[in-house]
Amino acid sequence: MRLTLPQQCYLLCYTVDKAKFELTDLQGRGQLLRAAALTELALEGRLSTERRKVARRTAEPPGDPFLAMVWRDLPETPKRWLQFVHNKAHAAEKPVREQLAAAGAITVRREKRLGVLAVDRVAVSDPQPVLDLQERVRDVVLGGPDPSAIPPGELTMAVFAAEVEVTSVFTGKERRMHKQTLATLAERYDAAVPGLRKALRDSYLSSRAVGGGWGA
């Protein structure tokens, strides 16, 4: 199964040793998935990113349903990134989760919490690929590879995981210890997709400040 960048980012947030998605990562997950989709569209040449703004470049949407959904939200004339990361973040997780469930990568079980509140309990079908993915992304920062040799997808995931503070990838101490490396990687990402990383961070900080979190 070829995973899209949003699907990989979703799995990246899974804490294998606890067999769950941590609530502490919920505040940035919807924004993370939207920004990952926008990145994939940009790298495919479907978007214009001039002057740190975004607009559609192609007339036809991509084949993947979630990427197509995000693509259809975009304007034909350049506008700032933030609204396209933030405004529909609450609706980002469900379609990505459904794709992964249909492919057998995860299972979703509906259960009641405290006998009243219904919640979805998500588990990965095979933890090893998730651990391998997390290790590759961690190595981008902790392993010290040549930034020019890092695949665009792994560069994106490493930078984004730091921006929205995904606990299953980096600890707070690791982010602080490798601050300069993360800054170098962020600069390289910004050269490829200017303006999007800042919009992701601004959206995350905004939702965290009000105690928000989306995972519909």
Side-chain angles (χ1 to χ4, degrees), residues 3-14 21-101 108 119-120 122 152-153 156-167 169 186 189-190 192-216:
L3 297 177
T4 64
L5 192 53
Q7 290 166 356
Q8 291 181 78
C9 283
Y10 183 82
L11 294 175
L12 198 65
C13 296
Y14 189 75
F21 289 90
E22 296 277 34
L23 286 176
T24 52
D25 294 328
L26 184 59
Q27 290 176 328
R29 196 155 66 227
Q31 299 97 310
L32 173 65
L33 300 181
R34 294 276 304 184
L38 289 165
T39 299
E40 186 156 339
L41 292 169
L43 295 176
E44 290 178 349
R46 296 180 181 274
L47 309 182
S48 167
T49 61
E50 296 177 5
R51 301 188 304 279
R52 304 176 71 84
K53 295 182 179 181
V54 61
R56 291 184 194 172
R57 175 175 283 169
T58 56
E60 295 296 326
D64 177 83
F66 181 66
L67 294 178
M69 182 180 75
V70 174
W71 180 88
R72 290 188 180 97
D73 290 336
L74 299 174
E76 294 183 358
T77 56
K79 292 186 178 180
R80 297 189 181 279
W81 289 99
L82 182 58
Q83 62 183 301
F84 306 110
V85 174
H86 189 84
N87 291 359
K88 294 187 177 181
H90 65 285
E93 182 171 335
K94 185 176 180 180
V96 175
R97 188 176 64 195
E98 288 176 345
Q99 287 179 319
L100 289 167
V108 183
V119 297
D120 288 333
V122 182
T156 300
M157 286 186 280
V159 170
F160 282 6
E163 293 291 355
V164 300
E165 302 175 16
V166 179
T167 60
V169 183
Y189 175 86
D190 290 346
V193 191
L196 177 53
R197 180 184 61 83
K198 183 179 185 303
L200 172 62
R201 182 66 177 174
D202 288 347
S203 176
Y204 169 68
L205 291 176
S206 173
S207 65
R208 190 179 69 174
V210 297
W214 296 314

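All residue numbers refer to positions in the sequence shown, counting from 1.
Under the 4.5 Å side-chain criterion, counting only non-hydrogen atoms from C-beta, Arg97 is in contact with Tyr10. Looking at Lys79 and Phe84, their side chains come closer than 4.5 Å, going by heavy atoms from C-beta outward. Counting heavy atoms from C-beta on, the side chains of Leu5 and Phe160 never come closer than 4.5 Å. Put simply, the side chain of Asp64 reaches to within 4.5 Å of the side chain of Gln99, judged on heavy atoms. The closest side-chain heavy-atom distance from Thr156 to Tyr189 is below 4.5 Å. Two residues are said to be in side-chain contact when any heavy atoms from C-beta on lie closer than 4.5 Å; Leu38 and Leu74 meet this criterion. Looking at heavy atoms from C-beta onward, Glu50 lies out of side-chain contact with Pro78 at the 4.5 angstrom threshold. With a 4.5 Å cut-off on side-chain heavy atoms, Glu165 and Arg201 count as touching.
Arg56 forms a cation-pi arrangement with Trp71, by the criterion of a distance under 6.0 Å to the ring centre and an angle within 45° of the ring axis.
Scanning both residues, Ala68 and Pro61, for their nearest heavy atoms gives CB-CB, 4.1 Å. Closest approach of Ser203 and Val85 over heavy atoms only: CB-CG1, 4.2 Å. Shown here for Phe66 and Pro95, the closest heavy-atom pair between the two residues is CD1-CG, 3.8 Å. Across Leu200 and Leu32, no two heavy atoms sit closer than the pair CD1-N, 3.9 Å. Residues Val108 and Ala101 share a closest heavy-atom pair of CG2-CB, 4.3 Å. Annotation for Leu196 and Ala35: closest pair CD2-O, 3.6 Å, computed over non-hydrogen atoms.
At distances below 3.5 Å, at least one donor-acceptor pair connects side-chain atoms of Arg46 with backbone N or O atoms of Glu60. Here the side chain of Trp81 pairs a donor or acceptor atom with the backbone of Pro194 at under 3.5 angstrom. Ser207 contributes a side-chain N or O that, together with a main-chain N or O of Gln27, makes up a donor-acceptor pair within less than 3.5 Å. Looking only at distances, no side-chain donor or acceptor of Ser206 sits under 3.5 Å from a matching main-chain atom of Asp202.
Atom CZ of Arg29 and atom SG of Cys9 lie 12.0 Å apart (nearest 0.5 Å). Atom CG of Asp73 is separated from atom NZ of Lys88 by 3.5 Å, given to the nearest 0.5 angstrom. Note that CZ of Arg34 is 14.0 Å distant from CD of Glu93, once rounded to the nearest 0.5 Å.
Between Tyr14 and Phe21, the ring-plane angle classifies as perpendicular under the 30° and 60° cut-offs.
Pro6 pairs with exactly one of Leu11, Val70, Leu67, Thr39 by the side-chain contact (heavy atoms from CB on, under 4.5 Å) rule, that one being Leu67. Checking each of Lys198, Arg197, Gln31 against Glu163 for a side-chain contact (heavy atoms from CB on, under 4.5 Å) leaves exactly one that passes, namely Arg197.
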